[in-house]
Structures are given as C-alpha cells and as structure tokens.
Amino acid sequence: MEASTKGDSLHKRVLMGLLVGAVLGLVGNWLGTQSESARQIVRFLADGVAHPIGQVFLRLLFLVVVPLVFASLATGVASLGDFGKVGRIGARTAVFFLLTTAFSAVLGLTLMNTLQPGAGFDPAVRDELLASFGGDAAKLQATATANATKTTLETANKWLDMFLPRNVLGAITRMEMLPLVVLSLLFGAFLMRVRAERRSQMIGWLETVAETMVSIVGFAMKLAPFAVACLIYSVVAKFGADLLGKLAAYVLIILGAYVVQVFVLYPLILVLMVKRSPIAFLRGAVPVMVTALSTSSSNATLPTSLRVAKEGLGIRSSIAGFVLPLGATLNMNGTALFEGALVLFIAQVFGIELSLGQQAVLVLMCVITAVGAAGVPGGSLPLLVAVLAQVGLPPDGIAIVLGVDRILDMGRTVVNVMGDLVCAAWIESSESSPSSS
Ligand code: ASP
C-alpha cells in the first residue's frame, strides 16, 4: 500500500516533469526564433545540459536491461515447471502478439486509406522538409543499406544471425535482443532438467539478480522527474513547432488511433477475453504508461512493467517474467500501426498509389519489422527506410516526417508496452481457468 502511494506520487512528479520540460521547450523554441544569440543559448542548453542529464537517466535504465531480461525470462520459463506448459503459454503468447500486431498494421493502413492526409500535401513544403531532414534520413539510409541483403545465402545468414549469432555476447553488446531472448528461453527450459535442489538454487540466484536490477531502477527513477523534464526540453526546444502545423493531420490521425487502441481496443480484450475491469487495469498501469511516454523505450519501461504486473495487476511472477521481456523485444503493436500509416502517408505525398496486393505485402513487412525493431527511442526508423524501398517508395521520403517523430514515438511506445501487459493479463487468466491445469 505504502509502496503504491510512493509510486503514485512518483509518476505524478514524472508527469509534472514532462509538462515542465515541454513548456520550457516551447518557450525556448519561441525564444530561438527571436534572435540568433538566443537560438544559440537555447541550443546549448538543450544539447550541452539537458541532453546529457536526460541520457544519464535513460542509460541507467538501459544498463539493467540485459541482466534483467535474462534473469526474468529464464526464471519465468523455469518456474513454469514443465515443457508442455512452456509450449502452451509460448504458443498462446506468439498468437496474441502476431494477431494484435497484424491488426494494428491493418488499422494504420485503413485509417490512412480512408482519411488520405497526404493527398494534396503542398509539394513546396514536401521539398523543404526533404531538404531540412535529408541529412538525418541519409544516416538512417546508410544503416539500412549496410544491413541490406542481396543473395539468398546472405538473406539466410542474416536470419540466422538475428536469432542464433555465432557470438551471442557480441550481439548482446550491440543491444541485439533476439539472441538474448533465445538464450534465456533455452537456459530456462533446460534448467528444468537440472536436479531439483540445484534448479531451485539457480532460480533463487536469478530472482536475486532480477530484484537487484529492479532496485537499481528504483534508484534511477528518483532522478526521473528532473531527467524527464530535461529529455523533453531537449527535444521540444529544437523541435520545429511550425512543422507540427504542416504535419498536423498525419500526427493527429496516428495519435488518435493510439488513443483508440489503449482506451477502446485493449479494454475490449480485457472485458471479453480476460474478464477484468478495464478501468482498474488502466489505472493500475498508469506508471507503465508514464514511463513509456517519458522514455520512448519499451526496454527502459520493462522494469516498471514487471513491477506493476506483479504488484499492481496481480499477474504471477512466472507469467509476467515470461511474457513481458518477450513483449518488450518482439511485440510492438504501436510500431506496426505507425509503420503502415507512415508508408501510406509518404506514398500519398509523392502521389504514388499502392495496390491492394502491395498493401498486403506491406502488412506482412510491418509485422516482421515490428518484431525486429529495437525497443529504444526511434528503434523502428532504420527498418522503415528498408520497408519504403521495398514497396517502391523513395527511402529518403522518411525525412518528411522525421521532425515530428518523437511525439509519435512516445505514443507508440505506450501502445507497445500496454499490448504486452494485456497479453500477460490474458495468459494469467487463461492459466487460472480450471481447463488449463
Ligand atoms: N520506441 C519504440 C519502443 O521502444 C520503438 C519504435 O521506435 O517504434 O517501443
């Protein structure tokens, strides 16, 4: 009770930090338009002061991600008890992830097809945006080109590397999470075959690691209100506020879809499939939403999601420990929606029609790239450049929307982590029903 009151006041302070940072950023943004020296001071405060302070906080959160994912996923799997149960829960989780991700991509495409925000977009504004953000787009393109494959052998090797690299530690140090997930799943699964007393000893150690990591996060979260203000200030102060007007339709449609997803679609799943009150669930999940909003990172939100799932939402440790790390790495509904919507928007801006067949391929690509995207700020952007090229659109077209992406990133991260929590609640309820034991 006391812990949750403390948590409540912390997330209120984080929200306050978000607001203060945004207001200061807007003021800075306005001051920057008044004179060159004011612009330089605002930029210096953003890049030289606010950015590093915000990064200390974010990096403290990233610091714990690798041990936390390993410890909670391995203990989650090992504590489920038998291979059959792991298989059943794993299959249900995978189906839930795939269906909700595909649904989200279709939703993004349907909205953009219906509302057509990119049709009639002023070509002069388009060219101006291409010129201003072309440099950032070129950097993303360079990453996409470096990752591009040409031959079947290269493609096969790339898929192998994604899941089973030769050097798993090398992959982990590059924050590639899929090999870590595979290693943790295997470790947990085969730990079940180890002698009972050794197994429980190892589970005890891993639980201690997870708990310690969560305590580090608790310490980092003390910095959160101030650090979040700095993070948001550094984004908003440099943000082209005038840009928002030009891209208002695009931004509002996607944000609107996110609101519908979190406050209508997920509650429907909760009522129909989980048989839980969505209001209590959403209220309990507020700290998770606030953390996602302020960090724009599913990975950085994972420790909060794990804590809230167990303490606030009554989800068993083994299930939360299994579903949530997998979700933070693989399940990104908000990202899939955004990717589908962005590609269609760019197509409309360039006056290029995508056939129904091309859009069906696009849904598939959105699902695959949402699984592959890193749970960090802007994690989906390099993959999107490749998707644009794949459907025959100019890859540097992404420059048109880069300037407003941070706002959408905040929204899509909230949807991503809420999708994971809803899935964990569904697994919890289906495993509690008598037919599943
Ligand atoms: N920032 C998102 C996340 O961490 C990933 C993305 O860029 O779509 O969930």
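For ligands, and for the atoms within them, numbers begin at 1 and follow the listed sequence.
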Work out which heavy atom in [X] is nearest to a heavy atom in [Y]; give both atom names and the distance.
X: Leu206; Y: Ala71; result: O-CB, 3.5 Å
X: Phe187; Y: Ala74; result: CD2-CB, 3.9 Å
X: Val262; Y: Val415; result: CG2-CG2, 3.9 Å

### Query
Is there a heavy atom of Ala370 sitting under 4.0 angstrom from any atom of ligand 1?
no
### Query
For ligand 1, is there an atom lying under 4.0 Å from some heavy atom of Gly378?
yes
Nearest 0.5 Å please: distance from the [atom1] atom of [X] over to the [atom2] atom of [Y].
X: Leu10; Y: Lys12; atom1: CG; atom2: NZ; result: 11.0 Å
X: Met112; Y: Ile253; atom1: CE; atom2: CD1; result: 4.5 Å
X: Ser294; Y: Met221; atom1: OG; atom2: CE; result: 6.5 Å

#### Entry: Arg316 with Glu431: basic N within carboxylate O range, under 4.0 Å
no
Of the backbone atoms (N, CA, C, O) and the side-chain heavy atoms from C-beta on, which set of [X] has a member under 4.0 Å from an atom of ligand 1: side chain, backbone, both, or neither?
X: Ser296; result: backbone
X: Ala374; result: backbone
X: Val417; result: neither

### Query
Does Arg412 count as lying over the ring of Phe338, i.e. NZ or CZ under 6.0 Å from the six-ring centre, within 45 degrees of the axis?
yes
In terms of atom number and element, which parts of ligand 1 are under 4.0 angstrom from non-hydrogen atoms of [X]?
X: Ser297; value: 4 (O)
X: Gly379; value: 6 (C), 7 (O)
X: Thr335; value: 5 (C), 6 (C), 8 (O)
X: Thr413; value: 1 (N), 2 (C), 3 (C), 9 (O)

### Query
Any N/O of Ser298 closer than 3.5 Å to an N/O of ligand 1?
yes
### Query
Between Leu381 and ligand 1, is there a nitrogen or oxygen pair with a distance under 3.5 Å?
no
### Summary
among protein heavy atoms, the one nearest atom 1 (N) of ligand 1 is Asp409 OD1, 2.7 Å
